[in-house]
Amino acid sequence: MSHDLQDPGSAGHPSQFALLGQRRFAPFFWTQFLGAANDNLFKFALTVMLTYQLQLSWLQPAQAGLVIGALFILPFVLFSATSGQLADKHDKAALMRLIKSLEIVIMALAAWGFWTTQVPALLACVFLMGLHSTLFGPVKYAYLPQQLNERELTGGNGMVEMGTFVAILLGNVAGGLLIATPEVGARHVALGGLLLALAGRATAQAIPASPATDPELRINWNPVSETWRNLKLAHGQLAVFRSLLGISWMWFFGAVFLSNFPAFAKEVLQGNEQVASLLLVVFSVGIGIGSLLCEMLSKRHVEVGLVPLGAIGMSVFAIDLYFASRALPPASQALSLGAFLAQAAHWRVLADLALLALFAGLYSVPMYALIQLRAQPTHRARIIAANNILNALFMIASSLLAGVLLGAGLSIPQLFGLLGLANAVVAAYIFLVVPEYLLRFVAFIASRCIYRFRLSGEQHIPAQGAAVLVCNHVSFVDAVLLMAASPRPIRFIMDHRIFRIPVLGWLFRLAKAIPIAPQKQDPATYEAAFARAREVLDEGELLCIFPEGGITRDGQLQPFRGGVMKIIEDRPELPVVPLALTNLWGSFFSRVEQGQAMVRPFRRGIFSRVGLVAGTPLIAAEVSPEGLQQRVGQLLAAPPA
């Protein structure tokens with residue numbers, strides 16, 4: 001079964017859009033979509049009303065947006081820890097229905113507030129809608145990995161992110177249009193919010209049961225101590241915790257752009273309100289497209305190699321936005337939407353915004369999927385709650401820092417350019433402390449840009465638990481291609497001499513490959529390698545060994561040595577997966593030139609076709625070196641799927 005054509009489960013859902021036809025996803029998708037739309041319809045309509053239509057002595061128009069934003073985000077800081085516990089303790093479908101019922105009550109109160117112009121009641125509803133979103137967030141992201149398998153998780157997250165940003169866009173547009181209706185605008189907003197809440201409750205009714213992952217959990221109602229406990233819980237899995245920080249940085253980055261769009265449109269682009277709305281549309285569409293592209297680029301795995309690609313794009317186009325903004329022609333008056341689009345220089349600005357947002361989608365979706373996949377199911381929702389707390393803190397920090405920098409005399413384009421540079425620094429730090437991102441990026445580039453990489457039988461590589469992968473050794477980049485084939489990190493046992501090769505040696509050290517030397521030459525390194533290999537298996541990780549003991553010099557499969565037996569002894573039930581790298585002999589990184597590698601770069605042209613075939617796992621009790629060699633040989637001889 002070829003990865004290029006089909007994988008397990010693909011017949012039932014050939015693309016992420018097919019999930020919209022399935023009960024396990026569609027009602028949930030529309031429930032969260034309607035909730036996000038309602039949040040933004042209500043907030044934007046209230047912001048416009050307080051800014052343009054009412055004159056309040058105790059709330060100045062310039063402060064209205066800040067007050068509404070602060071009230072909405074405050075519950076994320078106060079109650080995320082509690083909401084994470086509730087999501088782990090209770091059935092998620094039942095909890096979502098309860099939360100959507102709460103939304104109806106809040107919108108009924110808001111309708112009364114709009115109808116009677118009771119601003120304090122409306123501000124209270126902003127806080128309550130923030131509470132509604134705080135409760136919904138952990139349930140939302142903990143629900144997905146219970147209903148979707150690993151090969152659907154990236155596509156499902158992409159759909160949710162796309163839907164969220166489209167809902168934000170539509171909610172803002174609808175809120176602005178409804179509140180602007182002369183005389184009856186507030187009543188229309190009141191009715192619209194109530195109808196969206198009712199529709200969300202109706203779709204939630206169809207969400208299938210999603211059982212509690214920790215029903216015996218005792219709720220700690222102290223938000224301060226529980227918040228600290230959640231952060232410590234998340235920190236217990238460093239790859240997950242650093243991914244939380246990576247997502248929070250994305251919200252820091254995005255919040256600066258979103259909050260400055262109105263001022264950027266007015267002061268820099270010299271456009272009217274329609275131009276400001278266009279920037280929001282372009283940004284939202286870019287995020288949506290980037291989120292949807294994740295499944296196609298990842299080939300339906302949780303591909304964290306997309307994260308560095310997203311970070312590079314975010315920096316490049318944020319910095320280019322600074323230069324594009326400096327090259328704009330002057331305008332004597334505020335430009336209408338038509339006049340703005342008539343100038344070619346403005347299209348570069350829009351392209352930068354769209355591509356910046358697209359790469360932000362590529363950056364964030366795999367991180368969300370990795371957290372859902374790697375977090376322990378019993379406290380997955382609490383990890384998501386920790387993420388929401390960090391997101392809120394980072395967004396508050398971004399608002400404060402942006403205000404300080406702008407107050408110190410920085411222009412908005414300079415702020416955007418500085419943020420692009422800061423993103424490069426932060427991304428480099430994240431990828432060095434979580435090398436899996438960088439390693440997967442290298443594997444992603446190698447398997448898609450250097451080679452045309454075809455994968456067959458990838459369903460045989462275990463998605464969970466310890467296993468030994470046994471593969472033929474054809475080139476210096478075999479390990480890189482195996483990284484690209486597996487959705488999980490792989491620990492490799494490799495000849496100690498490969499660590500001396502520039503770049504590759506650094507890369508394999510980053511991957512925590514285990515050096516091994518011949519027993520007669522260096523018995524200490526030999527024994528240490530097998531001791532570390534057994535520790536890797538005890539930790540439930542994937543371990544890969546090349547039993548030939550070295551890279552082939554003639555393209556033929558060499559006899560398998562007995563080292564693999566030393567690894568699997570006393571583990572009779574351990575899965576052992578035979579793998580065969582195909583068509584790599586003769587490539588740039590193989591020893592085809594009189595035993596030398598990397599001599600003629602284009603001897604096989606560009607985009608050399610190579611492949612990997614994964615065979616049915618064997619149990620360790622049935623394994624022998626000769627039997628494994630025969631099985632790998634059969635995989636090499638099998639016709640392409």
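Fair warning: this is a prediction, and the values are worked out from it, not measured in the lab. When a residue number appears, it is its place in the shown sequence, counting from 1.
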Checklist line | Greater than 12 external heavy atoms within 6.0 Å of R326's CZ | finding: no
Note to self: If we count only N and O atoms by modelled type, under 3.5 Å, do the side chains of T134 and S83 hold a donor and an acceptor together?
What the structure shows: no
Notebook entry, point to check: Which atom names give the shortest non-hydrogen contact between A427 and A311, and what distance separates them?
Noted result: CB-CB, 3.7 Å
Item checked: Pairwise distance OG(S398) to CG(N391) - rounded to 0.5 angstrom -> 11.0 Å
Notebook entry, point to check: Does a side-chain heavy-atom distance below 4.5 Å link P413 with V268?
Noted result: yes
Note to self: Determine whether a donor-acceptor pair (N or O, by modelled atom type, separation under 3.5 Å) exists between the side chain of N260 and the backbone of V256.
What the structure shows: yes
Note to self: If you compare all heavy atoms of M159 against all heavy atoms of L292, which two are closest, and at what distance to 0.1 Å?
What the structure shows: SD-CD2, 3.5 Å
Note to self: Checking L328 against Q270 for the side chain to side chain contact (heavy atoms under 4.5 Å, CB included) test, could you report, in this order, the C-alpha distance in whole Å, the side-chain angles of both residues, the deciding distance, and whether it holds?
What the structure shows: CA-CA 10 Å; L328 296 175; Q270 298 175 322; over 6 Å; no
Checklist line | Candidate pair F136 and E103, rule side chain to side chain contact (heavy atoms under 4.5 Å, CB included), full reasoning | finding: CA-CA 11 Å; F136 194 78; E103 184 184 6; over 6 Å; no
Check: Could you give the distance from OG1 (T203) to CE (M96), rounded to the nearest 0.5 Å?
Finding: 10.0 Å
Notebook entry, point to check: With no hydrogens and no angle check, is any side-chain donor or acceptor of Y322 less than 3.5 Å from a backbone partner on L415?
Noted result: no
Note to self: Restricting to non-hydrogen atoms, name the atom on A385 and the atom on S80 that form the minimum distance, rounded to 0.1 Å.
What the structure shows: CB-O, 3.0 Å
Notebook entry, point to check: Do the non-hydrogen side-chain atoms of I247 and F394 ever get within less than 4.5 Å of each other?
Noted result: no
Item checked: Contacts of H188 that satisfy ring-ring contact (aromatic ring centres under 6.0 Å, His included) - sequence neighbours left out -> none
Item checked: Smallest separation among heavy atoms of L269 and H346, with atom names -> O-NE2, 4.2 Å
Check: How many angstroms lie between atom CG of L170 and atom OG of S284, to the nearest 0.5 angstrom?
Finding: 9.0 Å
Item checked: P308 vs F444 side-chain heavy atoms within contact, under 4.5 Å -> no
Notebook entry, point to check: Would you say S315 and L421 make side-chain contact, with heavy atoms under 4.5 Å?
Noted result: no
Notebook entry, point to check: Is D352 close to F323 at the side-chain level, that is, under 4.5 Å between some pair of heavy atoms?
Noted result: no
Notebook entry, point to check: Does a side-chain heavy-atom distance below 4.5 Å link V189 with L46?
Noted result: no
Notebook entry, point to check: Between F359 and F317, how do the two ring planes meet: parallel, tilted or perpendicular, split at 30° and 60°?
Noted result: parallel
Check: Under the side-chain contact (heavy atoms from CB on, under 4.5 Å) test, which residues partner N40, sequence neighbours left out?
Finding: K43, I168, N172
Item checked: Audit row: Q146, S210, side chain to side chain donor-acceptor pair (under 3.5 Å) steps and yes/no -> CA-CA 7 Å; Q146 279 192 265; S210 190; 3.1 Å; yes
Note to self: Restricting to non-hydrogen atoms, name the atom on A443 and the atom on M483 that form the minimum distance, rounded to 0.1 Å.
What the structure shows: CB-CB, 3.8 Å
Notebook entry, point to check: Taking C-beta and beyond as the side chain, do F283 and L358 meet within less than 4.5 Å on heavy atoms?
Noted result: no
Item checked: Where L135 and V139 come nearest, the two heavy atoms and their spacing -> O-CG2, 3.3 Å
Checklist line | side chain to side chain donor-acceptor pair (under 3.5 Å) between Q32 and T164, intermediate numbers included | finding: CA-CA 7 Å; Q32 66 87 30; T164 299; 3.0 Å; yes
Margin query: One pair to check against ring pair (Phe, Tyr, Trp, His ring centres under 6.0 Å): F264 and F257. What are the steps and the verdict?
Written below: CA-CA 9 Å; F264 181 62; F257 284 89; 8.4 Å; no
Margin query: Is the ring pair F79/F127 parallel, tilted or perpendicular, if the boundaries are 30 and 60 degrees?
Written below: perpendicular
Next item on the list: Take M49 and L122 through the side chain to side chain contact (heavy atoms under 4.5 Å, CB included) test and state the conclusion after the steps.
Entry: CA-CA 11 Å; M49 187 174 80; L122 290 171; 3.6 Å; yes
Next item on the list: Decide yes or no for V126 and F42: does some side-chain heavy atom of the first lie under 4.5 Å from some side-chain heavy atom of the second?
Entry: yes
Checklist line | Straight-line distance of M395 CE to L390 CG, nearest 0.5 Å | finding: 13.0 Å
Next item on the list: Calculate, to the nearest 0.5 Å, the distance between atoms CG and CD1 belonging to L410 and I412 respectively.
Entry: 10.5 Å
Notebook entry, point to check: Just by distance, do the side chain of T31 and the backbone of A204 share a donor-acceptor pair under 3.5 Å?
Noted result: yes
Next item on the list: Verify, without hydrogens or angle tests, whether N38 (side chain) and G193 (backbone) share a donor-acceptor contact under 3.5 angstrom.
Entry: yes
Item checked: Stepwise side chain to side chain contact (heavy atoms under 4.5 Å, CB included) check, Y141 with N387 -> CA-CA 11 Å; Y141 285 111; N387 177 58; 5.8 Å; no
Margin query: Rounded at 0.5 Å granularity, tell me how far OH in Y368 sits from OG in S243.
Written below: 11.5 Å
Margin query: Using a 3.5 Å distance criterion without hydrogens, assess whether the side chain of R440 forms a donor-acceptor pair with backbone atoms of L306.
Written below: no
Notebook entry, point to check: Donor-acceptor pair, R382 side chain versus G84 backbone, under 3.5 Å?
Noted result: no
Margin query: Parallel, tilted or perpendicular, judged at 30° and 60°: which one describes the rings of W249 and F252?
Written below: parallel
Notebook entry, point to check: Looking at residues at least two apart in the chain, or sitting in another chain, which of them share a side-chain contact (heavy atoms from CB on, under 4.5 Å) with I312?
Noted result: V316, F441
Next item on the list: Would you check if the side chain of K92 reaches a backbone N or O of A87 as a donor-acceptor pair within less than 3.5 Å?
Entry: yes
